[in-house]
Protein chains: 2
Amino acid sequence: MTSARAPKYQRIADALRSEIRNGTPPAGERMPAETDLVERFGVSLPTVRQALGVLRTEGVIESRQGIGTFVRDNRRLQRRSRNRYGRARDDKKLLTAHLRHEIISAQPEEPPQEISALLDEPTKRILVRRRRLINPDTNRPEELGASYLPGEYVFGTFLETTDVVPKALFLCIEDLSGKRYVRAEDKWQVRIASDDEVDRLELPTGTNVVHLTHVARAADDTVLEISESVWPADRVVILDEYDLNDEISARPSEV
Amino acid sequence: MTSARAPKYQRIADALRSEIRNGTPPAGERMPAETDLVERFGVSLPTVRQALGVLRTEGVIESRQGIGTFVRDNRRLQRRSRNRYGRARDDKKLLTAHLRHEIISAQPEEPPQEISALLDEPTKRILVRRRRLINPDTNRPEELGASYLPGEYVFGTFLETTDVVPKALFLCIEDLSGKRYVRAEDKWQVRIASDDEVDRLELPTGTNVVHLTHVARAADDTVLEISESVWPADRVVILDEYDLNDEISARPSEV
DNA sequence: GCACTGTAGTCCTCATGAGGACTTGACGTC
DNA sequence: GACGTCAAGTCCTCATGAGGACTACAGTGC
């Protein structure tokens with residue numbers, strides 16, 4: 001894999017990566033100290049650090065100052081791309097059901113540019129509920145989210161508290177607004193984590209995240225809810241299953 | 001944004017990033033030489049290089065040895081997540097239609113582990129058509145793809161040539177197999193680009209890519225086609241629109 | 001028992017210095 | 001005019017050296 005003429009730091013990175021892939025050190029465990037690696041590979045400290053930097057940006061390892069460098073556990077969480085509305089399926093592959101929901105805040109906020117651009121003019125006063133999901137197995141945050149709800153329906157209701165809602169959020173909105181969720185648009189993007197996301201998701205800076213923006217509309221096209229979800233990009237898999245009859249409009253060979 | 005006690009390389013990176021965001025230098029243009037930056041910021045060369053390294057892993061800039069460091073054009077290409085089967089919509093936001101199609105190869109290959117795991121036993125002999133999409137405006141590759149087709153249907157047919165197919169690929173397979181595409185599973189992942197992808201997509205090493213694995217099945221559940229598509233993660237947006245009536249199975253409030 | 005302190009081990013920052021590899025373009029030769 | 005050569009400018013690699021910041025833990029004093 002590595003050519004003989006590759007730079008030292010690259011060869012060291014390759015060596016360590018393949019060792020990790022073979023289980024030494026195993027996920028979660030500590031790597032040898034930088035000074036040990038200097039001795040082992042017979043190179044200088046900056047070279048070792050450059051090699052570790054490669055693995056760090058790849059998400060293979062993670063360093064904590066004063067403690068050590070650790071092998072990251074990169075098992076991926078499985079998400080269903082349209083599972084927001086709880087279609088009844090008991091798919092054991094979906095790990096997200098076990099996640100603990102935690103409401104960070106629930107208060108009126110000025111919507112950011114990208115969100116307010118999607119809103120109808122009269123609904124620009126909004127309530128924002130921010131949530132975080134913790135994986136109870138690893139005790140690590142796996143998802144960050146925000147729901148932007150039209151103020152006219154939700155101001156002064158129980159949604160303005162940080163309590164966990166009694167039933168699915170969209171059902172609450174339907175009750176409060178008297179309208180039905182009938183259409184949705186999803187937008188998926190990969191981008192660098194913001195400082196806030198780095199903190200809340202406990203990620204190394206510069207990590208990529210998957211960002212989903214979900215817009216739900218009523219029959220009259222007004223926006224009932226906009227929600228955002230953010231996951232660490234290297235810890236998530238998005239699954240989608242569908243019938244093609246709906247997708248294939250006409251087969252030319254039949255015309 | 002940057003605290004006063006942030007390390008030098010971080011402050012330099014922040015300064016350059018915000019300048020770039022404000023248009024200097026503009027996308028595609030050259031950055032000042034590293035030695036110029038050394039003088040401007042009054043730091044050493046490794047520090048400047050570390051700052052540029054941050055921007056490089058963020059995808060903001062790109063360096064070419066012997067030539068210079070350039071601001072990357074990070075406009076994103078829009079993709080529809082289920083548009084593979086050409087549902088007739090004339091959405092001007094979709095830029096992909098303008099892409100130039102290029103068949104790299106079309107020959108029998110040993111399927112990789114992840115693919116053959118999805119295949120039925122008798123169809124493990126497959127034809128692989130590899131394609132690349134070029135954006136004629138920028139003349140840059142935007143997408144890399146591979147279609148894994150069951151050998152029993154396609155060996156010896158025109159699909160074994162690198163010619164562009166006369167009609168949509170799935171229609172060809174339907175004709176040749178006598179079966180219909182009725183169901184599909186999509187799997188989306190973000191991962192580091194392989195060496196091959198770095199070459200073919202002309203990316204800096206270590207870049208993240210979005211990887212879609214699409215499995216299409218017939219009514220009897222046999223696999224008709226597996227296709228993979230790979231895009232640079234920071235140059236793509238995935239869009240999806242759908243009716244919620246299909247998704248929301250039952251509203252408890254009505255029970 | 002508790003709180004504080006010091007120390008060792010760890011990763012992080014940054015300077016200096018040197019050589020190499022790659023690209024471009026000017027120049028000279030044929 | 002075509003081709004090869006050379007030099008300048010660029011980014012890339014790597015060593016050495018030093019200091020700092022952070023964490024965990026053992027020991028001390030109360």
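Worth saying up front: this structure is predicted, and the values here are computed from it rather than measured. Chain letters run A, B, ... following the sequence lines, proteins first and then strands; every chain starts at 1.
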Residue [X], side-chain heavy atoms: nucleotide from [options] that is nearest:
X        : options                   : result
Ile67(A) : dC22(C), dT10(C), dA24(D) : dA24(D)
Glu34(B) : dC12(D), dC12(C), dT10(D) : dC12(D)
Lys8(B)  : dC14(D), dA15(C), dT23(C) : dA15(C)
Val43(A) : dC22(D), dA15(D), dT13(D) : dA15(D)
Tyr9(B)  : dC11(C), dC14(C), dA21(C) : dC14(C)
Gln65(A) : dC12(C), dA18(C), dG17(D) : dC12(C)
Thr35(B) : dT16(D), dC12(D), dT10(D) : dT10(D)

Using whole Å, report how far [atom1] of [X] lies from [atom2] of [N].
X        : N       : atom1 : atom2 : value
Gln50(A) : dC12(D) : CD    : P     : 10 Å
Ile61(B) : dC12(D) : CD1   : C1'   : 14 Å
Arg49(A) : dA15(C) : CZ    : P     : 15 Å
Arg56(A) : dT13(C) : CZ    : C1'   : 13 Å
Leu55(B) : dC11(D) : CG    : P     : 14 Å
Glu39(B) : dT16(C) : CD    : P     : 13 Å

Below 4.0 angstrom from OP1 or OP2 of dC11(C), is there any side-chain N or O of Thr69(A)?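 For dC11(C), OP1/OP2 do have a side-chain N/O of Thr69(A) under 4.0 Å.
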Establish, with yes or no, whether the OP1 or OP2 oxygen of dT13(D) is under 4.0 angstrom from a side-chain nitrogen or oxygen of Thr47(A).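 The answer is no; no side-chain N or O of Thr47(A) sits under 4.0 Å from OP1 or OP2.
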Look at all strands and tell whether Arg64(B) reaches a base, only sugar-phosphate, or nothing, counting heavy atoms closer than 4.0 Å.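 Sugar-phosphate only.
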Across the strands shown, which category fits Ser44(B) at heavy-atom distances under 4.0 angstrom: base, sugar-phosphate, nothing?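 Base: the residue Ser44(B), judged by heavy atoms under 4.0 Å, touches a nucleobase.
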Does [X] reach the side chain of [Y], with side-chain heavy atoms less than 4.5 Å apart?
X         : Y         : answer
Arg132(A) : Glu143(A) : no
Glu197(A) : Thr207(A) : no
Leu212(B) : Asp186(B) : yes
Arg76(A)  : Asn74(A)  : no

Knowing that exactly one of Lys187(B), Gln189(B), Arg191(B) qualifies, which makes a side-chain hydrogen bond (donor to acceptor under 3.5 Å, both in side chains) with His211(B)?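 Filter result, single survivor: Arg191(B).
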Go nucleotide by nucleotide along DNA chain D from the 5' end; which of Gly66(A) and Val48(A) gets its closest nucleotide reached first?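 Nearest nucleotide further toward 5': that of Val48(A).
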